[in-house]
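All heavy atoms count here, side chains included; hydrogens, waters and symmetry mates do not. Each chain gets a letter, A, B and so on, in the order the sequences are listed, and its residues count up from 1.
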Amino acid sequence: MKKEETVKLISAEGFEFVISMEAAMVSQTIRNMLTSPGSFAEREHGEVTFPEISTTILEKICQYFYWSLQFAKGKETEFHIEPELTLELMMAANYLHT
Amino acid sequence: MAMHIRVKRNKTTYFVQCDPTHTILDIKQKLHTLIDQPVNDQRLILSATGEVLDDSKTLADQKVENDAVVALTFRKDDRDFEDVNIIQPDDFYNARDADGF
């Protein structure tokens, strides 16, 4: 894992989550930010800030990215979501095309 | 890479992909590529038990499972490591837990 192959996602409260590029690409929205031509600041610094996503939700999303990669490889485990997170998580998932 | 662990310090979480057969030293080397701190100046502590993880042992040996939270601390001077410091977000969900609902 090299530094250039990671992305830093920053929550509304300024908490940082460093994840692999591969995991971040599970989100179509982040994929577009990181791969589209032109100079998105996101691509140059490898940092994406989400002022509207709270820390708890963003962490859950990162966990989902990794779960999703494993699932795609055939490891079918359950992904647990606390009931109280569902609404906000769904809104974030919609925004992130995840 | 069959699993990941969440390595936390202050307000930052590093998701590190790994296998149960990886040693703690392997994990520290991965972290070294992300942060400047040399391997010898890192200490990893399993959050659930408070156990300091041993460089030469594997994740499986020390019951570090997929998605486990591991605290990272740095050496602050020649001898001592800093205390574990993981800041919890002060958002809606945690505020509610604190109220005892």
Roughly how far, to the nearest 0.5 Å, is the OG1 atom of Thr6(A) from the OH atom of Tyr14(B)?
9.5 Å
Glu47(A), CD: over 12 other non-hydrogen atoms inside 6.0 angstrom:
yes
Applying the 4.5 Å side-chain criterion to the ILVMFWY set and letting contacts propagate, would Val64(B) and Val52(B) be lumped into a single cluster?
no
Please classify the contact of Gln70(A) with chain B as side chain, backbone, both or neither, using a heavy-atom distance under 4.5 Å.
side chain
Are Met21(A) and Met33(A) linked, directly or through intermediate hydrophobic residues, by side-chain heavy-atom contacts shorter than 4.5 Å (ILVMFWY only)?
yes
With side chains defined as the heavy atoms from C-beta onward, is the minimum distance between Val18(A) and Thr13(B) less than 4.5 Å?
no
Leu34(A) and Phe17(A): same hydrophobic cluster, using ILVMFWY side-chain contacts below 4.5 Å?
yes
Compare every heavy atom of Lys75(A) with every heavy atom of Ala2(B), then report the nearest pair and how far apart it is.
O-NZ, 3.0 Å
Toward chain B, the part of Glu59(A) with a non-hydrogen atom under 4.5 Å:
both
Check whether Lys8(A) gets within reach of chain B through its side chain, its backbone, both or neither, counting any heavy atom under 4.5 Å.
neither
Are Val84(B) and Leu31(B) joined in one hydrophobic group, where the rule is that I, L, V, M, F, W and Y side chains link up if heavy atoms are under 4.5 Å apart?
no
Rounded to the nearest 0.5 Å, how far apart are CH2 of Trp67(A) and CG of Asn66(B)?
12.0 Å
Okay, Leu69(A) and chain B: the region with an atom under 4.5 Å from a heavy atom over there is side chain
How about Asp36(B): does its CG atom have over 12 heavy atoms from other parts shown lying under 6.0 Å from it?
no
Report which part of Ile87(B) has an atom under 4.5 Å of a heavy atom belonging to chain A: side chain, backbone, both, or neither.
both
Evaluate the ring planes of Phe15(B) and Tyr66(A), with Trp represented by its six-membered ring, and classify them as parallel (under 30°), tilted (30 to 60°) or perpendicular (over 60°).
parallel
List the steps and the verdict of salt bridge (charged side-chain N to carboxylate O under 4.0 Å, His left out) for Glu13(A) and Lys11(B).
CA-CA 9 Å; Glu13(A) 295 87 8; Lys11(B) 293 175 85 173; over 6 Å; no
Bottom line for Glu22(A): the part with an atom under 4.5 Å from chain B's heavy atoms is side chain
Does NZ belonging to Lys2(A) count more than 12 external heavy atoms closer than 6.0 Å?
no
Under a single-linkage definition using a 4.5 Å side-chain heavy-atom cutoff for Ile, Leu, Val, Met, Phe, Trp and Tyr, are Phe74(B) and Leu25(B) assigned to the same hydrophobic cluster?
no
Compare all side-chain heavy atoms of Thr33(B) with those of Lys3(A) and state whether any distance is below 4.5 angstrom.
no
